[in-house]
Amino acid sequence: MKHSSETTASAFKRLCEITETLISEKGCPWDKDQTPLSLRRDLIEEAFEVSDAVTQKDVPHVKEELGDVLFNVALMASVFEKSGDFSFADVIDMISEKLIRRHPHVFKESEGASELKENVKDSVSVLNQWDRIKENVEGRKGKSILDSVPQDFPPLLKAYKYVSKAAKKGFTWNNPEEALKKVMEEIAEVQEAAANVKEVKVSDKEIPFTKSSSNEKLNENQLALEEEIGDAFLALANYSRMLGVDPSIALDRANRKFSKRFRSVEEEIDKAQKNGNELSLNEMCALWNQAKACR
């Protein structure tokens with residue numbers, strides 16, 4: 001059902017008023033305690049909730065989760081407004097101006113008209129123009145193309161953004177097969193590094209980096225293993241990009257799937273323990289496969 005702009009404005013005004021009440025002196029203790037830093041995790045989690053609902057094609061859930069994201073945006077903006085940094089209206093005006101500026105092929109009054117240098121006929125040409133406007137009109141050109149990637153991005157998302165930016169400069173494999181070969185090379189290096197760690201361990205109980213361990217070689221090899229695993233993640237993120245898959249979204253889906261299946265396994269383990277039985281790993285794997293079959 002399509003709503004009029006007046007209805008939407010009224011609904012948005014109501015949300016703003018509710019949010020302002022929640023952080024007021026007579027509001028909610030939890031909401032009043034929040035800061036922009038404390039709200040970061042909730043905003044990210046809610047965005048993933050939207051993504052998952054869209055993936056599942058659960059339209060009612062999408063509507064609910066979009067509301068949660070909007071509230072988190074409103075709450076964070078209201079906290080900044082309360083501190084006198086900027087208002088929610090400032091946020092809305094800024095994105096409106098940016099959208100006009102970056103779409104000169106749609107808005108004739110756009111400040112980005114100077115970068116309208118090609119026939120904007122597809123998404124690729126739109127994104128190319130978008131980058132030119134960011135650099136030449138907004139002055140966002142840094143020393144490196146990677147400078148535009150926020151440092152506080154979660155590591156996997158940052159890896160995906162880094163390799164995507166590098167690809168724009170031509171630093172990418174010719175095809176997914178070459179990228180997969182690199183993934184396998186990195187995994188082989190992980191295996192080699194893991195073997196080096198095992199080789200210098202005095203006992204299986206020895207834990208690297210702890211005060212109780214004076215085995216510097218173990219610490220050194222463990223750091224090398226950590227680095228190789230990071231390289232493997234980066235290579236896999238690049239392979240994912242070349243296949244058109246966002247690795248952060250893919251991993252989030254895998255986490256949710258794992259959670260659902262393992263909870264089913266836990267239920268069966270609890271039943272067995274009540275009967276005085278301890279399940280072996282093979283029995284738990286059988287339960288896992290059973291949960292997998294049920295999806």
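Numbering starts at 1 and runs along the sequence shown. A quick note: this is a predicted structure, and the numbers were derived from the prediction, not measured.
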**Q.** Heavy-atom donor-acceptor pair, E178 side chain to N174 backbone, under 3.5 Å
**A.** yes

Q. Do E97 and R101 sit within salt-bridge range, that is, some charged N less than 4.0 Å from a carboxylate O?
A. no

Q. Under the 3.5 angstrom rule, does the side chain of S264 hit a backbone N or O of A291 as a donor-acceptor pair?
A. no

Q.
Among residues at least two apart in sequence or on other chains, which ones pass side chain to side chain contact (heavy atoms under 4.5 Å, CB included) with E266?
A. F262, R263

Q | Polar side-chain atom of N219 near backbone of P208 as donor-acceptor pair, under 3.5 Å | A | no

Q.
Looking at D147 and K143, would you say the former's side chain and the latter's main chain have a donor-acceptor pair under 3.5 Å?
A. yes

Q. Do H105 and Q129 have a side chain donor and acceptor closer than 3.5 Å?
A. yes

Q) To the nearest 0.5 Å, what is the distance between CD1 (I145) and NZ (K161)? A) 12.0 Å

Q) Are the ring centres of F88 and F12 closer than 6.0 Å? A) yes

Q. Is the backbone of W30 close enough, under 3.5 Å, to the side chain of Q34 for a donor and an acceptor to pair up by distance?
A. yes

Q: Verify side-chain contact (heavy atoms from CB on, under 4.5 Å) between N128 and E118, making sure each step is shown before the conclusion.
A: CA-CA 10 Å; N128 288 337; E118 59 182 306; 4.0 Å; yes

Q) Can you check whether V202's main-chain N or O pairs, donor with acceptor, with E206's side chain at less than 3.5 Å? A) yes

Q.
Grouping I, L, V, M, F, W and Y whenever their side-chain heavy atoms are under 4.5 Å apart, do I133 and V120 come out in a common cluster?
A. no

Q) Which distance, rounded to the nearest 0.5 Å, do you find between the CD1 of I18 and the CD1 of I23? A) 13.0 Å

**Q.** Lys/Arg N to Asp/Glu carboxylate O, K98 vs E138, below 4.0 Å
**A.** no

Q) Any salt bridge between K117 and E115, counting N to O under 4.0 Å? A) yes

Q) Step by step, would you call K217 with E220 a salt bridge (Lys or Arg N to Asp or Glu O under 4.0 Å)? A) CA-CA 5 Å; K217 190 61 178 177; E220 179 184 328; 3.5 Å; yes

Q.
Enumerate the side-chain hydrogen bond (donor to acceptor under 3.5 Å, both in side chains) contacts for residues 79-93, please, sequence neighbours excluded, ordered by first and then second residue.
A. S87-D90

Q | Lys/Arg-Asp/Glu bridge criterion (N-O < 4.0 Å) met for K168, D131 | A | yes

Q) With hydrophobic residues grouped by side-chain heavy-atom distances under 4.5 Å, do L66 and F71 end up in a single group? A) yes

Q: Look at the side-chain heavy atoms of Ile, Leu, Val, Met, Phe, Trp and Tyr, link any pair under 4.5 Å apart, and say whether M242 and I249 land in one connected group.
A: no

Q. Any link between I187 and L243 through a network of hydrophobic side chains (Ile, Leu, Val, Met, Phe, Trp, Tyr) touching at under 4.5 Å?
A. yes

(Q) Could you check whether atom CD of E109 has more than 12 heavy atoms from other residues, nucleotides or ligands sitting under 6.0 Å from it? (A) yes

Q) Rounded to the nearest 0.5 Å, how far apart are CG of L157 and CD1 of I44? A) 8.5 Å

Q | V79 reachable from F86 in the ILVMFWY side-chain graph, under 4.5 Å edges | A | yes

Q) Are more than 12 heavy atoms from other residues, nucleotides or ligands located less than 6.0 Å from atom NZ of K32? A) yes

Q: Please determine if R256 and D52 form a salt bridge, counting it only when a charged side-chain N lies under 4.0 Å from a carboxylate O.
A: yes

Q: Using a strict 4.0 Å threshold on nitrogen-to-oxygen distance, state whether E267 and K271 make a salt bridge.
A: no

Q) Around R132, counting heavy atoms of other residues, nucleotides and ligands shown, do more than 12 lie under 6.0 Å from its CZ? A) yes

**Q.** Intermediate values then yes/no, side-chain contact (heavy atoms from CB on, under 4.5 Å), S148 and K165
**A.** CA-CA 9 Å; S148 62; K165 294 289 185 181; 3.2 Å; yes

Q) Any donor-acceptor pair under 3.5 Å linking the side chain of N72 with the backbone of D68? A) yes

Q: Would you indicate whether D204, at its atom CG, is surrounded by more than 12 heavy atoms from other residues, nucleotides or ligands within a distance under 6.0 Å?
A: no

Q.
I'd like to know whether L22 forms a side-chain contact (heavy atoms from CB on, under 4.5 Å) with L75, so could you lay out the CA-CA distance, the side-chain angles of the two residues, the decisive distance to 0.1 Å, and finally the verdict.
A. CA-CA 9 Å; L22 288 172; L75 181 56; 5.7 Å; no

**Q.** Distance (rounded to the nearest 0.5 Å) between E283 CD and E278 CD
**A.** 10.5 Å

Q. Atom NZ of K260 and atom CG of N255: how far apart are they, to the nearest 0.5 Å?
A. 15.0 Å

Q. Has F233 got more than 12 heavy atoms of other residues, nucleotides or ligands less than 6.0 Å from its CZ?
A. no

Q: Output, in order, the C-alpha distance, side-chain angles, deciding distance and verdict of side-chain hydrogen bond (donor to acceptor under 3.5 Å, both in side chains) for T172 and R241.
A: CA-CA 10 Å; T172 183; R241 175 192 65 81; 2.6 Å; yes

Q.
Return the OG to NZ distance between S125 and K121, rounded to the nearest 0.5 Å.
A. 5.5 Å

(Q) Please determine whether side-chain contact (heavy atoms from CB on, under 4.5 Å) holds for the pair V197 and L218, giving the CA-CA distance in whole Å, both sets of side-chain angles, and the decisive distance to 0.1 Å. (A) CA-CA 6 Å; V197 168; L218 173 62; 3.7 Å; yes

Q) Between R41 and E45, does at least one N-O distance fall below 4.0 Å, as a salt bridge requires? A) yes

Q: Report the relative orientation of the aromatic rings in F258 and W288; use parallel for angles under 30°, tilted for 30 to 60°, perpendicular for over 60°.
A: tilted

(Q) Checking the side chain of S78 only, and the main-chain atoms of A74 only, is there a donor and an acceptor separated by less than 3.5 Å? (A) yes

